[in-house]
Amino acid sequence: MTRPNEFKALVVTETEEKQFTRRIETKTIEDLPDGDVIVKVHFSSLNYKDFLSATGNRGVTRNYPHTPGIDASGVVVESSASAFAPGDEVIVTSYDLGMNTAGGYGEYIRVPSGWVVPLPSGLTLREAMIYGTAGFTAALSVWRMVENGVKPEHGDILVSGATGGVGSIAVSILAKSGYGVVAVNGVVDESEYLKAIGARDVISIEEATDTSGRPMLKSRWAGSIDTVGGDILATSIKTVNPNGTVTCCGNVASHELPLNVYPFILRGVTLIGIDSQNCPMPIRAQTWEKLASDWKIEWLEKLTTEAPFEDLNAKIELMGQGKHKGRTIINIAGV
Ligand SMILES: NC(=O)c1ccc[n+]([C@@H]2O[C@H](COP(=O)([O-])OP(=O)(O)OC[C@H]3O[C@@H](n4cnc5c(N)ncnc54)[C@H](OP(=O)(O)O)[C@@H]3O)[C@@H](O)[C@H]2O)c1
């Protein structure tokens, strides 16, 4: 398979005034880090971590100039690994992609073959990026909750940050699987959207947040998928039913967890941390298979905004204003 040596990539640069600028520049394959697989990127997507990397967050990206993009789907153009050959359709997410390794906001990536997942037969490259890291994380969260024994007949599941990428896909997978879903929505009123993707009810951030300091509150939920942290996560732990399960993956509201031990020792509540980045490959591949089959959402397009590569900068800014909804995919190859 032939490939050009030069390609376009979004480059984030730190100026002498310690500001961060972003623009699409020409790079060469030699600029890419080492790896045994080169992929021509067709689609990438926008996640909260990409926003952080694109705006100079050193907790995500240590060194600039840098090309973000923690998600990529595309076609292998070169491989010295026996598991992959030119022409293979693949997904690359997590590990260090887009953090300190040039990511999916470039037309080509070079990565270790251990990061590469063959595209499951039930998904297109475009659909894989509608899910992306957000969908993968939502699926892991639901999986861990189900594995811990939470069934639809036990009651409703609370989902916070529900209009966001992880939240929207969690709402959809749960609704598709027969769970009653109550979505927390607050930054911008999106009740209509949330009901269209499967929420039975929508509550405000205020209703989902208790700051009274009481150690436990009336039970309301069989489980909770939290994507925001802080008081909302603490409140869901205090309001989940005895033996209920809460998963925690994000910190958009806060990294704090104001809580004591009582929900755990008096109600047997389980809190499960979700880390998609270091998820072992066998579970990773199984989760992608699940997203391509039983959990494939029929209404994926309702969640999706597609943007051309040139509009990526504007989409990053929108996320910074808290106005991002559902999943934004970036058509890197213009296919
Ligand atoms: N652990 C992992 O492996 C993993 C993987 C992926 C993502 N994450 C994390 O998960 C979180 C969500 O990611 P995402 O990609 O879904 O982000 P996103 O698309 O930006 O969505 C975040 C949502 O959170 C809500 N929100 C924003 N500010 C809030 C606040 N101050 N209080 C309460 N809710 C607020 C908004 O929903 P409403 O308007 O509906 O309230 C927003 O749509 C991030 O912290 C991200 O880093 C973790």
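Just follow the structure's listing: the first ligand is 1, and inside any ligand the first atom is 1. None of these values were measured; they are calculated from a predicted model.
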Short N or O distance, [X] and ligand 1, threshold 3.5 Å exclusive:
{"X": "Lys49", "result": "no"}
{"X": "Asn185", "result": "yes"}
{"X": "Gly186", "result": "yes"}
{"X": "Ile205", "result": "no"}
{"X": "Ser276", "result": "yes"}
{"X": "Ala253", "result": "no"}
{"X": "Ile232", "result": "no"}
{"X": "Val228", "result": "no"}

Problem set entry | Derivation of the side chain to side chain contact (heavy atoms under 4.5 Å, CB included) call for Ile225 and Met145 | CA-CA 8 Å; Ile225 305 279; Met145 199 187 74; 3.9 Å; yes

Exercise. Out of Asn47, Ile274, Leu318, Asp275, whose heavy atom sits nearest atom 1 (N) of ligand 1?
Worked result: Ile274

For this session: Out of Glu190, Met319, Gln277, indicate the one that has the non-hydrogen atom closest to atom 20 (O) of ligand 1.
Result: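 The residue whose heavy atom sits nearest atom 20 (O) of ligand 1 is Met319.
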
Would you mind checking which non-hydrogen protein atom is closest to [atom], with the distance to 0.1 Å?
{"atom": "atom 21 (O) of ligand 1", "value": "Gly164 CA, 3.1 Å"}
{"atom": "atom 7 (C) of ligand 1", "value": "Val166 CG2, 3.7 Å"}
{"atom": "atom 29 (C) of ligand 1", "value": "Val187 CG2, 3.9 Å"}
{"atom": "atom 11 (C) of ligand 1", "value": "Thr227 O, 3.2 Å"}
{"atom": "atom 45 (O) of ligand 1", "value": "Asn251 N, 3.0 Å"}
{"atom": "atom 17 (O) of ligand 1", "value": "Tyr48 CB, 3.7 Å"}
{"atom": "atom 19 (O) of ligand 1", "value": "Gly165 N, 3.0 Å"}
{"atom": "atom 6 (C) of ligand 1", "value": "Thr137 OG1, 3.4 Å"}

Exercise. Looking only at heavy atoms, which two atoms of Asn185 and Glu190 are closest? And how far apart?
Worked result: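 It is OD1-N, 2.8 Å.
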
Exercise. Lys176 and Ile297: which non-hydrogen atoms are nearest, and at how many Å?
Worked result: CD-CA, 4.4 Å

Problem set entry | Whether Trp115 and Tyr95 hold their rings parallel, tilted or perpendicular, with breakpoints at 30° and 60° |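 Rings of Trp115 and Tyr95: parallel, as their planes differ by under 30°.
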
Problem set entry | Whether Trp288 and Phe136 hold their rings parallel, tilted or perpendicular, with breakpoints at 30° and 60° |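 The arrangement is parallel - the two ring planes meet at less than 30°.
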
Numbered atoms of ligand 1 (with element) below 4.0 Å of [X], judged on heavy atoms:
{"X": "Gly250", "answer": "9 (C), 10 (O), 11 (C), 45 (O)"}
{"X": "Ala162", "answer": "40 (O)"}
{"X": "His324", "answer": "19 (O), 43 (O)"}
{"X": "Cys249", "answer": "1 (N), 2 (C), 4 (C), 8 (N), 9 (C), 10 (O), 48 (C)"}
{"X": "Val252", "answer": "24 (O), 44 (C), 45 (O)"}
{"X": "Gly161", "answer": "23 (C), 24 (O), 25 (C), 37 (O)"}

Taking atom types as modelled, is there a side-chain donor on [X] or [Y] under 3.5 Å from an acceptor on the other?
{"X": "Ser113", "Y": "Asp36", "value": "yes"}
{"X": "Thr26", "Y": "Lys8", "value": "yes"}
{"X": "Asp210", "Y": "Thr235", "value": "no"}
{"X": "Ser45", "Y": "Asn47", "value": "yes"}
{"X": "Ser53", "Y": "Asp50", "value": "no"}

Problem set entry | Donor-acceptor pair, side chain of Arg267 and main chain of Lys238, under 3.5 angstrom | yes

Exercise. Are the side chain of Asp71 and the backbone N or O of Leu46 linked by a donor-acceptor pair below 3.5 Å?
Worked result: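 Side chain of Asp71 to backbone of Leu46, a donor-acceptor pair under 3.5 Å: no, none is there.
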
Exercise. Is it the side chain (CB and beyond), the backbone, both or neither of Val184 that lies under 4.0 Å from ligand 1, heavy atoms counted?
Worked result: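 For Val184, only backbone atoms sit under 4.0 Å from ligand 1.
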
Problem set entry | Within reach of ligand 1, part of Thr163 (heavy-atom separation under 4.0 Å) | both

For this session: Check whether any heavy atom of Ala134 sits under 4.0 Å from an atom of ligand 1.
Result: no

Taking only Lys NZ, Arg NE, NH1 and NH2, and the carboxylate oxygens of Asp or Glu, determine whether [X] and [Y] approach each other closer than 4.0 Å.
{"X": "Arg284", "Y": "Glu289", "answer": "no"}
{"X": "Lys27", "Y": "Glu107", "answer": "no"}
{"X": "Arg327", "Y": "Glu127", "answer": "no"}

For this session: May I ask you to check if Lys325 and Tyr193 form a cation-pi contact, with NZ or CZ under 6.0 angstrom from the six-membered ring centre and within 45° of the axis?
Result: yes

